[in-house]
Amino acid sequence: MQQEKPCEKVVFFCDGKKCCRYNDEAKNTLSDLISDCGLAEVVVLKKMKCQGICKKAPVFYLPNNDTYKKEVSSKKAKKIFEKYIAPEKRNSVE
Ligand code: FES
C-alpha cells in the first residue's frame with residue numbers, strides 16, 4: 001500500500017452506478033484545476049463506493065472537512081476547488 005504524504009489532500013468521488021454516469025464533467029474540472037495550479041503532487045482524486053445518496057448524484061466527499069458535496073456540476077466543482085482545495089488560488093481561477 002502506498003503511503004500518503006502528510007500534506008496530501010484527498011477528494012473522493014463516488015463511483016457507484018448512478019454517480020459514475022454523471023461525474024465525468026466535475027471530475028475533469030477538478031482534475032484540470034489541480035493540474036493547472038501545480039497541485040497534482042499534493043491533491044489526489046480517489047474513488048469511493050456508493051454512499052447511499054444516489055438521488056443527489058454525483059456525490060463528492062472532502063475528508064479534510066468531513067463534507068459531502070452533492071449534485072456536483074462543473075461549476076460546483078470549481079467552487080469546491082476554490083473553497084476547500086486551494087483557497088489561496090481563489091483569485092487566480094477564472
Ligand atoms: S451511486 Fe453515488 S451515492 Fe450511490
Side-chain angles (χ1 to χ4, degrees):
M1 191 172 167
Q2 194 178 350
Q3 198 159 8
E4 292 181 4
K5 295 170 202 157
C7 61
E8 195 170 86
K9 278 187 188 174
V10 184
V11 179
F12 287 98
F13 60 92
C14 175
D15 201 38
K17 258 187 185 173
K18 180 120 188 240
C19 288
C20 75
R21 275 191 245 157
Y22 304 106
N23 66 9
D24 273 349
E25 211 180 307
K27 265 188 331 194
N28 291 339
T29 300
L30 273 180
S31 176
D32 289 349
L33 286 168
I34 290 166
S35 305
D36 292 350
C37 293
L39 298 171
E41 296 283 309
V42 287
V43 183
V44 290
L45 284 170
K46 285 186 180 175
K47 284 183 193 179
M48 65 181 174
K49 291 180 185 169
C50 174
Q51 300 299 298
I53 41 178
C54 315
K55 280 187 178 174
K56 300 288 182 183
V59 174
F60 283 66
Y61 177 64
L62 304 156
N64 295 32
N65 306 77
D66 192 24
T67 304
Y68 280 95
K69 292 291 173 187
K70 300 160 192 163
E71 298 176 329
V72 180
S73 59
S74 181
K75 192 175 172 187
K76 205 163 174 182
K78 203 164 131 185
K79 282 187 182 167
I80 290 170
F81 180 82
E82 291 170 357
K83 187 169 178 188
Y84 297 98
I85 300 174
E88 68 281 1
K89 306 266 184 191
R90 186 170 288 198
N91 296 327
S92 63
V93 178
E94 294 273 319

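Both counts, for ligands and for their atoms, begin at 1 and track the order of listing. Since the model is a prediction, treat every value here as computed from it, not as a measurement.
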- Which distance, rounded to the nearest 0.5 Å, do you find between the CD1 of I34 and the CG of L45?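 Result: 4.5 Å between the selected atoms.
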
According to side chain to side chain donor-acceptor pair (under 3.5 Å), does anything in residues 51-61 pair up with another residue at least two apart or in another chain? List the pairs.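 Residue pairs passing side chain to side chain donor-acceptor pair (under 3.5 Å), neighbours aside: Q51-Y68, Y61-D66.
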
Sorted by chain and residue number, the side-chain contact (heavy atoms from CB on, under 4.5 Å) partners of S74 (sequence neighbours excluded) come out as E25, T29

**Asked** Which residues satisfy the side-chain contact (heavy atoms from CB on, under 4.5 Å) test with S35, sequence neighbours excluded?
**Response**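 side-chain contact (heavy atoms from CB on, under 4.5 Å) list for S35, sorted by chain: empty.
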
Can you name the nearest heavy-atom pair linking V72 to A77, along with the distance?
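So the two residues come closest at CG1-N, 3.8 Å.
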
Checklist entry - Is it true that a side-chain atom of K9 and a backbone atom of Y84 form a donor plus acceptor pair closer than 3.5 Å? => result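 Yes, K9 side chain to Y84 backbone: donor-acceptor pair under 3.5 Å.
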
Q) Exactly which residues line ligand 1, taking a heavy atom under 4.0 Å from it as the test? A)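 Close residues (ligand 1, cut-off 4.0 Å): C14, G16, K17, K18, C19, C50, Q51, G52, I53, C54.
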
